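Since we're looking at a predicted model, the values are computed, not measured.
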Amino acid sequence: MIDFSALDLSILGPAFVAGLLVLATHVPMGMQVLDRGIVFIDLAIAQIAGLGVIAADFMGWEPQGLMVQVAAVAAALAGALLLTFTERRAGRHQEALIGVLFVLAASGGLLLLASNPHGGEHLKDLLVGQILWVSPKQIGWLAVLTAVLLVLWFGGASKRGSFVFYALFSIAVTASVQVVGVYLVFSSLIIPALATRELSGTPRLLAAWALGAVGYALGLAASAVFDLPSGAVVVWVLAVAAVMLAMLVRPRTADVAPAPLTEIR
């Protein structure tokens, strides 16, 4: 059922701002992830950070409290340190090791949630997120963290070794996964970067940010109007918008007539 009265800016506005903050760091990071050929690192790091949150909840710490954030960041940084080690020791198998790390973190979370009567709800929040219910406090600390990460990133910190890259990446993903969930973290990193791969430099960055902003805006609006899960709708809208943008920016090559077949004598 279509309900245009559900377009409430008091709810959709903060959610959109949170989406823009996530995109601010994830778009440039996603481009470097594609260049490094480690596409699934964000899923692994997000899952590791989520495991830290689940572990903190398992120990009875207050949700959204300081210790939960410390646990999430500590888990993500431990994952970053491990990935730095494996990149040096088994670089050509890095993508496979990232996949193994993701599976271990995901199954570890399931084990910790096995005895929790609300385990299914916690798992859904981790995957899909609760972007519509983001609080001003969450937006505030996410904005500060985003500003710091952008200064470090564009200041050249991401090029000072693998661990610095993984560390910055881990902190960004840890912050965003608790707001938008694993699915939107992956989509925000990879879809804009993939759609603009034929561009380069500043035009690519601006096009990717614009694509992400349009995807979040239309996705949030559509999820409200049709009463559907926001995270899932934004993912689909981002994907559709990415296909359209990729078709617009693809190289236009002149039509070349096929060469005649040479008769074999």
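Between Ile131 and Leu220 there is a side-chain heavy-atom pair separated by less than 4.5 Å. Between Gln32 and Trp153, the closest side-chain pair of non-hydrogen atoms falls below 4.5 Å. For the pair Arg204/Glu198, no side-chain contact is recorded, criterion being any heavy-atom separation below 4.5 Å from C-beta on. Side-chain contact between Leu77 and Ile171 is present, with heavy atoms from C-beta onward closer than 4.5 Å. Between Thr196 and Met31, the closest side-chain pair of non-hydrogen atoms falls below 4.5 Å. Looking at Tyr166 and Leu81, their side chains never come closer than 4.5 Å, going by heavy atoms from C-beta outward. The side-chain heavy atoms of Phe226 and Ile2, taken from C-beta on, include a pair separated by under 4.5 Å. Within the 4.5 Å cutoff, side-chain heavy atoms of Pro28 are placed close to those of Leu205.
None of Leu150, Val144, Val148 except one satisfies the side chain to side chain contact (heavy atoms under 4.5 Å, CB included) rule with Thr146; the exception is Leu150. With Tyr216 as the partner, the side chain to side chain contact (heavy atoms under 4.5 Å, CB included) test is satisfied by one option alone out of Val17, Leu20, Leu23: Leu23.
When all heavy atoms of Ser230 and Leu132 are compared, the closest pair comes out as OG-CD1, 2.9 Å.
The environment of CH2 in Trp236 is sparse: at most 12 heavy-atom neighbours from other residues, nucleotides or ligands sit within 6.0 Å.
Taken together through direct or relayed side-chain contacts under 4.5 Å among Ile, Leu, Val, Met, Phe, Trp and Tyr, Ile191 and Met244 form parts of separate hydrophobic clusters.
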